[in-house]
**Student:** 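Structure below; questions to follow.
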Amino acid sequence: QVQLVESGGGLVQAGGSLRLSCAASGRTFSSYPMAWFRQAPGKEREFVAVISWTGGITYYADSVKGRFTISGDNAKNTLFLQMNSLKPEDTAVYYCAARGIGAVTTNYYDYAYWGQGTQVTVSS
């Protein structure tokens, strides 16, 4: 059974940093893209960042580009999201997702596996 478990969320002041982790178990995702999405109250789930282990491709939403960095430890099957210069508008539940097949995509419906989410709250 595939499991994705996020951790690292919390409350931080604007301008601060957080590092999210996503531990994957049940299968290895080293050949397929993994991504971070987020969902704020009353809003749709939105793409944040994606990484393809093959070729080391990364892609970011414009709203986080230059502030967030996605990375992973292939050997430990763990995904990270380093978030710097956080803003109140970054407040959301952050989800880790894995495709299991196919190429990089920013569409949430292309991802078959999801974690339970971790809350990030940025105070002004």
Side-chain angles (χ1 to χ4, degrees):
Q1 183 178 357
V2 174
Q3 269 197 318
L4 301 176
V5 180
E6 302 98 334
S7 61
L11 173 64
V12 64
Q13 286 189 332
S17 298
L18 283 174
R19 189 191 195 207
L20 305 184
S21 299
C22 172
S25 62
R27 64 167 289 178
T28 300
F29 292 98
S30 58
S31 299
Y32 303 108
M34 291 188 74
W36 291 96
F37 289 80
R38 66 187 183 186
Q39 188 166 17
K43 294 188 177 181
E44 290 189 354
R45 190 166 299 192
E46 67 171 348
F47 166 77
V48 175
V50 61
I51 186 168
S52 170
W53 307 110
T54 304
I57 297 170
T58 59
Y59 186 72
Y60 298 91
D62 287 343
S63 58
V64 307
K65 202 172 295 183
R67 300 187 297 121
F68 291 11
T69 303
I70 188 171
S71 64
D73 184 332
N74 214 351
K76 295 183 179 179
N77 223 17
T78 302
L79 183 71
F80 303 104
L81 185 68
Q82 178 66 43
M83 306 186 295
N84 299 328
S85 303
L86 282 161
K87 304 175 181 180
E89 51 263 45
D90 294 319
T91 295
V93 176
Y94 283 71
Y95 296 92
C96 168
R99 280 211 74 185
I101 189 173
V104 167
T105 171
T106 64
N107 299 315
Y108 70 87
Y109 47 81
D110 288 327
Y111 290 80
Y113 306 101
W114 291 86
Q116 83 288 350
T118 185
Q119 177 70 47
V120 171
T121 304
V122 184
S123 63
S124 57

**Student:** Side chain of Trp36, backbone of Phe80: donor and acceptor closer than 3.5 Å?
**Tutor:** yes
**Student:** Which atom names give the shortest non-hydrogen contact between Ala98 and Leu4, and what distance separates them?
**Tutor:** N-CD1, 3.9 Å
**Student:** Tell me, please, which residues at least two apart from Glu89 pass side chain to side chain donor-acceptor pair (under 3.5 Å).
**Tutor:**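 In terms of side chain to side chain donor-acceptor pair (under 3.5 Å), with neighbours along the sequence ignored, Glu89 is linked to no residue.
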**Student:** Applying ring pair (Phe, Tyr, Trp, His ring centres under 6.0 Å), can you list everything that pairs with Tyr111, at least two apart in sequence or on another chain?
**Tutor:** Phe37
**Student:** Using the rule side-chain contact (heavy atoms from CB on, under 4.5 Å), only one of Thr58, Ile57, Thr105 pairs with Ser52; which is it?
**Tutor:**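 Per the side-chain contact (heavy atoms from CB on, under 4.5 Å) rule, the option paired with Ser52 is Ile57, out of Thr58, Ile57, Thr105.
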**Student:** Any donor and acceptor pair, going by atom type alone, linking the side chain of Gln39 with main-chain N or O of Val93 inside 3.5 Å?
**Tutor:**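 Checking the backbone N and O of Val93 against the side chain of Gln39, no donor-acceptor pair under 3.5 Å is found.
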**Student:** Please report the interatomic distance OH(Tyr95) to OG1(Thr118), rounded to the nearest 0.5 Å.
**Tutor:** 10.0 Å
**Student:** Measuring only between side-chain heavy atoms, which start at C-beta, is Phe68 closer than 4.5 Å to Gln82?
**Tutor:**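 No; the side chains remain at least 4.5 Å from each other.
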**Student:** Between Ser124 and Ala14, which heavy-atom pair has the shortest distance, and what is it?
**Tutor:**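 In this case the closest contact between Ser124 and Ala14 is CA-CB, 4.4 Å.
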**Student:** List the residues meeting salt bridge (Lys or Arg N to Asp or Glu O under 4.0 Å) with Lys65, not counting sequence neighbours, and say none if there are none.
**Tutor:** Asp62
**Student:** Kindly state each residue pair satisfying disulfide (SG to SG under 2.5 Å) with at least one member in residues 59-89, sequence neighbours excluded.
**Tutor:** none
**Student:** Applying side chain to side chain donor-acceptor pair (under 3.5 Å), can you list everything that pairs with Thr121, at least two apart in sequence or on another chain?
**Tutor:**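 Checked Thr121 against side chain to side chain donor-acceptor pair (under 3.5 Å); matches are Gln119.
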**Student:** So how far is it from Met34 CE to Leu81 CG, rounded to the nearest 0.5 Å?
**Tutor:** 12.0 Å
**Student:** Show me the pairs that pass side-chain hydrogen bond (donor to acceptor under 3.5 Å, both in side chains) and involve residues 12-23, at least two apart or across chains.
**Tutor:** Ser17-Asn84
**Student:** Which residues pass the side chain to side chain donor-acceptor pair (under 3.5 Å) test with Asn74, not counting sequence neighbours?
**Tutor:** none
**Student:** Under the rule for ring pair (Phe, Tyr, Trp, His ring centres under 6.0 Å), what residues qualify as partners of Tyr113, not counting sequence neighbours?
**Tutor:** Phe29
**Student:** Would you sort out whether Glu6 and Leu20 count as a side chain to side chain contact (heavy atoms under 4.5 Å, CB included), showing the intermediate values?
**Tutor:** CA-CA 7 Å; Glu6 302 98 334; Leu20 305 184; over 6 Å; no
**Student:** Would you mind listing every disulfide (SG to SG under 2.5 Å) that reaches into residues 66-124, with sequence neighbours excluded?
**Tutor:** Cys22-Cys96
**Student:** Partners of Asp90 by side chain to side chain donor-acceptor pair (under 3.5 Å), sequence neighbours excluded?
**Tutor:** Arg38, Arg67
**Student:** Does the side chain of Leu18 reach to within under 4.5 Å of the side chain of Val120, using non-hydrogen atoms?
**Tutor:**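 In contact.
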**Student:** Within the 4.5 Å heavy-atom criterion, are Glu46 and Tyr108 side-chain neighbours or not?
**Tutor:** no
**Student:** For residues Ser71 and Leu79, report the shortest heavy-atom separation together with the two atoms involved.
**Tutor:**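 So the two residues come closest at O-CD1, 3.4 Å.
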**Student:** Answer yes if Val2 and Ile51 sit in the same cluster of Ile, Leu, Val, Met, Phe, Trp and Tyr residues linked by side chain heavy atoms under 4.5 Å apart, and no otherwise.
**Tutor:** yes
**Student:** Applying side chain to side chain contact (heavy atoms under 4.5 Å, CB included), can you list everything that pairs with Ala61, at least two apart in sequence or on another chain?
**Tutor:** Phe47, Ser63, Val64
**Student:** For Ala40, which residues count as a side chain to side chain contact (heavy atoms under 4.5 Å, CB included) partner, sequence neighbours excluded?
**Tutor:**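 Ala40: side chain to side chain contact (heavy atoms under 4.5 Å, CB included) contacts with Lys43, Ala92.
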**Student:** Between Asp73 (side chain) and Ala75 (backbone), is there a donor-acceptor pair under 3.5 Å?
**Tutor:** yes
